[in-house]
Q: 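Can you keep this structure in mind? I'll have questions shortly.
Letters A, B, ... are given to chains in the order of the sequence lines, protein chains preceding strands, and every chain is numbered from 1.
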Amino acid sequence: MPELPEVETVRRSLEPRLLGAVIRDVSASVDNLRLPVNVDTLRRFCCGRRICALRRRAKFLVVVFDNGAGLILHLGMTGAFRIVPESTPYTVHERVAWTLSGGRSWRFADVRRFGSVRPTHFPDAGGDPPELAHLGIEPLAPAFDGAHLYRLSRGRRRPIKNLIMDQTMVVGVGNIYASEALFRAGIHPARPAGRVGRASASRLATAIREVLEEAIAAGGTTLRDFRDPDGSEGMFQVHLAVYGRQAGDCPRCGMAAGIRRVVMAGRSSFYCRGCQR
DNA sequence: ATATTCCCCTGGAAGC
DNA sequence: TGCTTCCAGGGGAATA
């Protein structure tokens with residue numbers, strides 16, 4: 001369940017350990033994750049390269065090399081990184097390994113293989129690679145506010161929850177934080193996006209920003225698989241107000257068994273039937 | 001043009 | 001006990 005806070009937690013953990021490292025070799029134990037993994041191509045892109053930056057865009061990690069190339073990484077559902085001594089035996093689900101200067105090995109494990117590892121070129125320093133050009137606005141950017149969300153939602157009949165999870169609209173919000181943000185804003189997840197008014201859009205934009213920032217501060221949410229590169233679990237799951245709490249009492253309005261679970265667009269969605277309209 | 005459905009993949013839990 | 005089914009859900013292609 002890595003969403004923006006989990007990916008940012010991973011980025012912050014990896015950054016100090018990867019910056020300045022030189023990649024000596026790459027190996028892979030599978031030829032496809034979510035996308036094909038071509039180890040020869042990876043070697044051509046990575047070997048001899050120094051890592052200059054580690055960015056996050058949406059739920060992607062972006063590794064920037066010293067020559068205008070780099071990697072786009074996605075954790076999928078069960079992806080995890082660790083950095084270990086080169087001699088450390090591989091675990092069964094470690095799919096890709098980069099040998100780094102200093103005798104270290106940077107490992108990508110992914111049980112369900114929904115993750116991805118893509119080499120890329122950057123058209124300009126600091127910009128997104130073309131593969132990520134379709135992505136919408138970063139919710140923690142200053143330009144993301146109620147007015148922006150209001151404009152995005154005009155004329156759209158799809159449920160507001162589906163819209164805020166649409167990565168071409170606003171990025172980083174997945175199934176867990178969508179339910180949490182809508183709860184905080186008092187908006188029913190199935191409300192048509194175009195029927196969300198200015199005041200509600202403003203509350204929702206604020207709620208999205210706040211829940212993501214609080215989750216980052218807590219090191220993310222661990223419900224099943226998520227671990228940071230040190231193997232630690234996140235702590236935000238104890239702060240979830242509605243996600244996974246069907247039949248629970250509402251922590252805001254107090255309605256007994258007020259929390260409902262419904263399926264929207266194939267995803268479990270949680271809301272309080274007493275205080276979300 | 002917009003929005004939904006399907007598929008990828010594995011393991012743990014629940015059901016029979 | 002053991003087998004089957006369901007569920008988790010991000011992203012992107014296919015489809016309506």
Side-chain angles (χ1 to χ4, degrees), chain A residues 1-11 28-37 56-62 71-81 91-96 108-118 120 128-136 138-139 151-182 189-196 208 212 215 220-227 233-234 236-237 240 242-247 261-270:
Chain A
M1 53 237 44
E3 303 182 29
L4 187 153
E6 290 73 37
V7 179
E8 180 61 22
T9 296
V10 170
R11 192 199 69 77
S29 63
V30 290
D31 60 9
N32 69 306
L33 295 169
R34 188 177 192 291
L35 298 169
V37 174
R56 180 193 54 74
R57 174 74 172 105
K59 302 172 193 172
F60 295 90
L61 287 168
V62 178
L71 297 170
I72 303 170
L73 309 173
H74 199 288
L75 295 170
M77 290 297 300
T78 54
F81 289 101
T91 64
V92 279
H93 296 307
E94 280 179 336
R95 314 295 192 181
V96 182
F108 178 62
D110 187 4
V111 172
R112 290 172 60 186
R113 297 161 63 189
F114 272 25
S116 60
V117 175
R118 276 187 278 188
T120 190
D128 281 344
E131 294 87 343
L132 303 185
H134 63 288
L135 292 170
E138 286 284 335
R151 283 194 302 275
L152 283 178
S153 58
R154 287 315 87 189
R156 302 190 190 272
R157 299 181 189 183
R158 66 199 301 205
I160 185 64
K161 174 170 182 269
N162 298 4
L163 183 137
I164 63 174
M165 289 176 63
D166 183 337
Q167 301 296 296
T168 68
M169 296 281 156
V170 51
V171 302
V173 179
N175 201 42
I176 295 172
Y177 299 112
S179 281
E180 292 298 310
L182 287 162
R191 172 152 7 144
R195 307 279 305 266
V196 174
I208 289 171
L212 294 177
T221 296
T222 297
L223 293 180
R224 291 174 189 80
D225 305 290
F226 175 70
R227 296 289 186 283
E233 298 187 358
F236 194 70
Q237 56 278 9
L240 297 175
V242 290
Y243 186 88
R245 303 195 189 282
Q246 63 270 31
R261 171 184 178 273
V262 294
V263 175
M264 296 173 53
R267 305 281 188 265
S268 290
S269 310
F270 301 88

Q: Closest to the Tyr243(A) side chain: dA8(C), dG12(C), dC9(B)?
A: dA8(C)
Q: Does Arg118(A) use its side chain to pair, donor to acceptor, with the backbone of Leu35(A) at less than 3.5 Å?
A: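 Between the backbone of Leu35(A) and the side chain of Arg118(A) there is no qualifying donor-acceptor contact (under 3.5 Å).
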Q: Give a yes/no on whether any side-chain N or O of Ser268(A) is located under 4.0 angstrom from OP1 or OP2 of dA8(C).
A: yes
Q: Output the rounded distance in Å from CZ (Arg154(A)) to P (dT2(B)).
A: 15 Å
Q: Record whether the side chain of Arg267(A) comes under 3.5 Å of the base of dG10(C) through a donor-acceptor pair of N or O atoms.
A: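 When only heavy-atom distances are counted, Arg267(A) does reach the base of dG10(C) through a donor-acceptor pair under 3.5 Å.
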Q: Base, sugar-phosphate alone, or nothing: which one does Ser116(A) contact when heavy atoms must sit under 4.0 Å apart?
A: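 Nothing, no nucleic acid heavy atom in range.
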Q: Within the structure provided, determine whether Ile176(A) and Glu3(A) are in side-chain contact (heavy-atom separation under 4.5 Å).
A: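 Yes, side chains in contact.
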Q: At what distance, to the nearest 0.5 angstrom, does CZ of Phe236(A) lie from OG1 of Thr9(A)?
A: 11.5 Å
Q: Pairs under 3.5 angstrom, nitrogen or oxygen only, protein versus nucleotides 3-5 of chain B, please.
A:
| from | atom 1 | to | atom 2 | distance (Å) |
| --- | --- | --- | --- | --- |
| dA3(B) | OP1 | Arg157(A) | N | 3.2 |
| dA3(B) | OP2 | Arg156(A) | NH1 | 3.2 |

Q: Under 3.5 Å, is there a donor-acceptor pair between the side chain of Gln167(A) and the main chain of Gly136(A)?
A: no
Q: Look at the side chain of His134(A) and decide which nucleotide, out of dT10(B), dG11(C), dG12(C), has an atom nearest to it.
A: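 Closest nucleotide among those given: dG12(C).
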Q: Checking the side chain of Glu6(A) only, and the main-chain atoms of Gly220(A) only, is there a donor and an acceptor separated by less than 3.5 Å?
A: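 No: the side chain of Glu6(A) does not pair with the backbone of Gly220(A).
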Q: Counting distance only, does the side-chain N/O of Glu8(A) pair as donor-acceptor with the main-chain N or O of Arg56(A) below 3.5 Å?
A: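 It does not hold such a pair.
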Q: Using a cut-off of less than 4.0 Å, is there contact between a side-chain N or O of Arg261(A) and OP1 or OP2 of dA8(C)?
A: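 Arg261(A) to dA8(C) OP1/OP2: side-chain N or O found under 4.0 Å.
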Q: Tell me: CZ of Arg34(A) to C1' of dC6(B), nearest whole Å?
A: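 Computing the Arg34(A):CZ to dC6(B):C1' distance gives 11 Å.
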Q: Is there a donor-acceptor contact under 3.5 Å from the side chain of Thr78(A) to the main chain of Arg112(A)?
A: yes
Q: With a cut-off of less than 4.0 Å, is there a side-chain N or O of His74(A) near OP1 or OP2 of dG11(C)?
A: yes
Q: So for Arg113(A) and dC9(B), does any side-chain atom that can act as donor or acceptor lie under 3.5 Å from a complementary atom in the base?
A: no
Q: Heavy atoms from C-beta onward define the side chain here; which of dG12(C), dG10(C), dT10(B) lies closest to that of Val111(A)?
A: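 Taking heavy atoms from C-beta onward, the closest nucleotide is dT10(B).
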